[in-house]
Peer 1: 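Mind having a look at this structure? Questions to follow.
Predicted model only: the values in this text are computed from it and were never measured.
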Amino acid sequence: MPHNKLNIGGAKADVLSWVTHEMSSDEHDMLRNVSRLPCLFKHVALMPDAHLGKGSMVGSVVATKDAVIPATVGVDIGCGMMAVKTPFKSGILEGKMAEFRHEVERAIPTGFNAYKEAVTESSRWEGWSEFGSLHRGVQDRKGKAMTQLGTLGGGNHFIEVCLDTEDNVWLMLHSGSRNIGKEIAERHIATAKTMHKLSELPSPDLAYFVQGTYEFQNYWHDLDWAQGYAMKNREIMMKRLLKSFNRMFNDQREFRPEITVNCHHNYVSIEEHFGDKVYVTRKGAINAESGRYGIIPGSMGAKSFIIKGLGNPDSFNSCSHGAGRKMSRTKAKSKYTIEDLKAQTAGVECRKDRGVVDEIPGAYKDIEEVMRAQNDLVEVAAELKQVICVKG
């Protein structure tokens, strides 16, 4: 779908939108604020799964010149997806799906849980050598960060077993930088707000660091570390997931994955666009440069997609990071019941209790519509449907 240029009164830069639904006045206010930032480069790109966030829309791509906005990156620095295509067909899962779900829940801590002691892969991570140079406000968090490395977390984070349209088994997971990423982000967001007269900003949540300053340098260092932590977090979980999978289904033999994808969708990178080097913040969006693999998940009862980017320059080579919420967690809990959850997740081996009602498929946008809206951004490499889902 070609994008639209939104007509937002008072905006100082264009907002190019792939969104197909009507947008609220609050969403327009948020986009107007971002468009008025002096450090904004060219325009804001709005992906089809966009919805309200903190300071800027979730599902937006904000390129900046010589500056980074920590609240736009958000508190789950480096959150993203990982997927592995196995050489197996669905028949191996028959009669063992519930058993495997419980095995995964035992092998990988979920929610607020962590390992009693750091797992071997965590202890050996080279990133710990940099921990002492992180923000002084997190220096007492190393032990917790080590035991959380390789854990899922809660909210919309998940581990899934999926089948593609050719009956191939895929393993997929969604997580980020856990509590350490959140604490790093919160401290730098607070610092950014001290760097400006907040009344002169479009929104206090859009306080930014200017390249070349001491504060920018510190944030960039910590941001890079947290993005590395998030990537390693997914790698460790996938390794443990594969070990459990092989133990149950493959006589403990290892296999070589046919496809492996590991991508951030809350992060910043330095990229060249329109002839300039800029900081590209993808807040709920993934890199969809030409030929690059990515993952766009649906909700826990819907399809997900492995994609290849088409490299659309107007989106800063980006696409959506999922279906996107259409209602808040509070609203979902008040609207839906456990019976609704059971009906909407029929055929999926997963939790079906009050604790995950806020993740019910009905709380999310239609992933098929989201995919149709971005057919100029990506092409589908594989269409997946989950059969097992572990939630935090």
Side-chain angles (χ1 to χ4, degrees), residues 51-60 62 68-82 108-115 118 122 125 127-128 130-159 173-194 204-209 215 218-237 263-269 281-285 321-322 325 328-330 358-359 391-392:
H51 57 91
L52 283 173
K54 183 79 169 175
S56 56
M57 297 278 286
V58 177
S60 62
V62 179
V68 173
I69 313 158
T72 292
V73 183
V75 295
D76 196 355
I77 298 171
C79 186
M81 300 286 304
M82 187 169 185
I108 300 173
T110 63
F112 292 108
N113 297 322
Y115 298 103
S122 171
W125 182 46
W128 299 123
E130 288 288 312
F131 195 90
S133 57
L134 296 178
H135 193 288
R136 64 179 181 275
V138 302
Q139 287 305 304
D140 61 344
R141 302 294 198 267
K142 184 176 181 180
K144 183 173 184 177
M146 291 186 74
T147 57
Q148 282 195 329
L149 188 55
T151 67
L152 185 65
N156 61 357
H157 293 168
F158 62 78
I159 298 169
L173 56 85
H174 171 209
S175 192
S177 53
R178 306 296 284 110
N179 184 70
I180 189 63
K182 174 179 179 290
E183 296 214 17
I184 286 171
E186 287 174 343
R187 282 157 176 76
H188 285 288
I189 289 169
T191 300
K193 290 180 178 180
T194 70
D205 291 318
L206 294 175
Y208 55 90
F209 293 123
E215 292 81 7
N218 287 345
Y219 177 62
W220 188 256
H221 170 271
D222 291 6
L223 175 76
D224 183 62
W225 184 91
Q227 290 179 178
Y229 180 100
M231 188 73 73
K232 178 57 68 172
N233 188 44
R234 293 191 291 273
E235 290 174 2
I236 293 174
M237 276 192 288
C263 60
H264 293 321
H265 56 224
N266 283 350
Y267 74 111
V268 188
S269 63
T281 300
R282 294 186 175 93
K283 184 189 182 85
H321 80 310
R325 295 192 74 92
S328 69
R329 296 185 182 279
T330 301
D358 57 339
E359 282 294 300
K391 297 292 291 188

Peer 1: Donor-acceptor pair, distance only, cut-off 3.5 Å: does the side chain of Asn233 make one with the backbone of Thr151?
Peer 2: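 Present.
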Peer 1: I need the minimum non-hydrogen distance between Ile77 and Ala230, along with the two atoms involved.
Peer 2: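 Scanning both residues, the minimum pair turns out to be O-CB, 3.7 Å.
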Peer 1: Could you report the tightest heavy-atom contact between Leu149 and Ile236, atom names first, then the distance?
Peer 2: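 Shortest heavy-atom contact: CG-CD1, 3.7 Å.
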Peer 1: Are any of the side-chain nitrogens in Glu183 or Arg178 under 4.0 Å away from the carboxylate oxygens of its partner?
Peer 2: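 Between Arg178 and Glu183 there is no salt bridge, as every charged N stays at least 4.0 Å from the carboxylate O atoms.
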Peer 1: Which atom pair, heavy atoms only, marks the closest approach of Asp205 to Lys193?
Peer 2: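 In terms of heavy atoms, the two residues are closest at OD1-NZ, 3.4 Å.
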Peer 1: In Å and rounded to the nearest 0.5 Å, what is the CD1 to CZ distance from Ile180 to Arg141?
Peer 2: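 Ile180 atom CD1 to Arg141 atom CZ measures 7.5 Å (nearest 0.5 Å).
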Peer 1: Calculate, to the nearest 0.5 Å, the distance between atoms CD1 and OG1 belonging to Ile189 and Thr72 respectively.
Peer 2: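 Going from CD1 on Ile189 over to OG1 on Thr72, the span is 9.0 Å.
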Peer 1: Roughly how far apart are Tyr208 OH and Glu215 CD, rounded to 0.5 Å?
Peer 2: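 Separation between the atoms: 13.5 Å.
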Peer 1: Can you sort out the partners of Ala118 under side chain to side chain contact (heavy atoms under 4.5 Å, CB included), two or more places apart, ordered by chain and number?
Peer 2: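 By the side chain to side chain contact (heavy atoms under 4.5 Å, CB included) rule, Ala118 matches Ser122, Ser123, Met146.
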Peer 1: Got a second to check how far Trp128's CH2 is from Tyr229's OH, nearest 0.5 Å?
Peer 2: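 Reported to 0.5 Å precision, the distance equals 5.0 Å.
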Peer 1: Quick one: does Ser177's side chain get under 4.5 Å of Asp76's, heavy atoms only?
Peer 2: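 Result yes, sub-4.5 Å side-chain heavy-atom pair found.
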Peer 1: Among residues at least two apart in sequence or on other chains, which ones pass side-chain hydrogen bond (donor to acceptor under 3.5 Å, both in side chains) with Asn266?
Peer 2: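 Residues passing side-chain hydrogen bond (donor to acceptor under 3.5 Å, both in side chains) with Asn266: none at all.
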Peer 1: Holding to ring-ring contact (aromatic ring centres under 6.0 Å, His included), I want the full list of residues that pass it with Phe209, two or more places apart in sequence or in another chain.
Peer 2: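 Here the qualifying residues are Tyr219.
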Peer 1: Excluding sequence neighbours, so at least two apart, what forms ring-ring contact (aromatic ring centres under 6.0 Å, His included) with His174?
Peer 2: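 Residues passing ring-ring contact (aromatic ring centres under 6.0 Å, His included) with His174: His157, Phe158, His265.
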Peer 1: When you compare the side chain of Thr281 with that of Ile69, does any pair of heavy atoms fall below 4.5 Å?
Peer 2: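 Not touching, per the 4.5 Å side-chain cut-off.
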Peer 1: Can you name the residues that form a side chain to side chain contact (heavy atoms under 4.5 Å, CB included) with Glu186, not counting sequence neighbours?
Peer 2: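 For Glu186 the side chain to side chain contact (heavy atoms under 4.5 Å, CB included) partners, ignoring immediate neighbours, are Val75, Lys182.
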Peer 1: Can a donor-acceptor pair be found, under 3.5 Å and without considering hydrogens, that links the side chain of Arg234 to the backbone of Met82?
Peer 2: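 It does not hold such a pair.
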Peer 1: Are any side-chain N or O atoms of Gln139 and backbone N or O atoms of Phe131, one a donor and one an acceptor, separated by less than 3.5 Å?
Peer 2: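 Yes; judged by distance alone, with no hydrogens or angles, the pair exists.
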Peer 1: Quick check for you: to the nearest 0.5 Å, what is the distance between Lys54 atom NZ and Leu206 atom CG?
Peer 2: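 Result: 11.0 Å between the selected atoms.
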Peer 1: Quick check for you: to the nearest 0.5 Å, what is the distance between Thr110 atom OG1 and Ile159 atom CD1?
Peer 2: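 Spacing of OG1 (Thr110) from CD1 (Ile159) equals 8.0 Å.
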Peer 1: Tell me whether the rings of His264 and Tyr267 are parallel (<30°), tilted (30 to 60°) or perpendicular (>60°).
Peer 2: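 Plane angle between 30° and 60°, so tilted.
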Peer 1: Any side-chain heavy atom of Arg282 within less than 4.5 Å of one from His321?
Peer 2: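 They are not in side-chain contact.
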Peer 1: Among all residues two or more places apart in sequence or in another chain, which pass the salt bridge (charged side-chain N to carboxylate O under 4.0 Å, His left out) test with Lys142?
Peer 2: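 For Lys142 there are no salt bridge (charged side-chain N to carboxylate O under 4.0 Å, His left out) partners, ignoring immediate neighbours.
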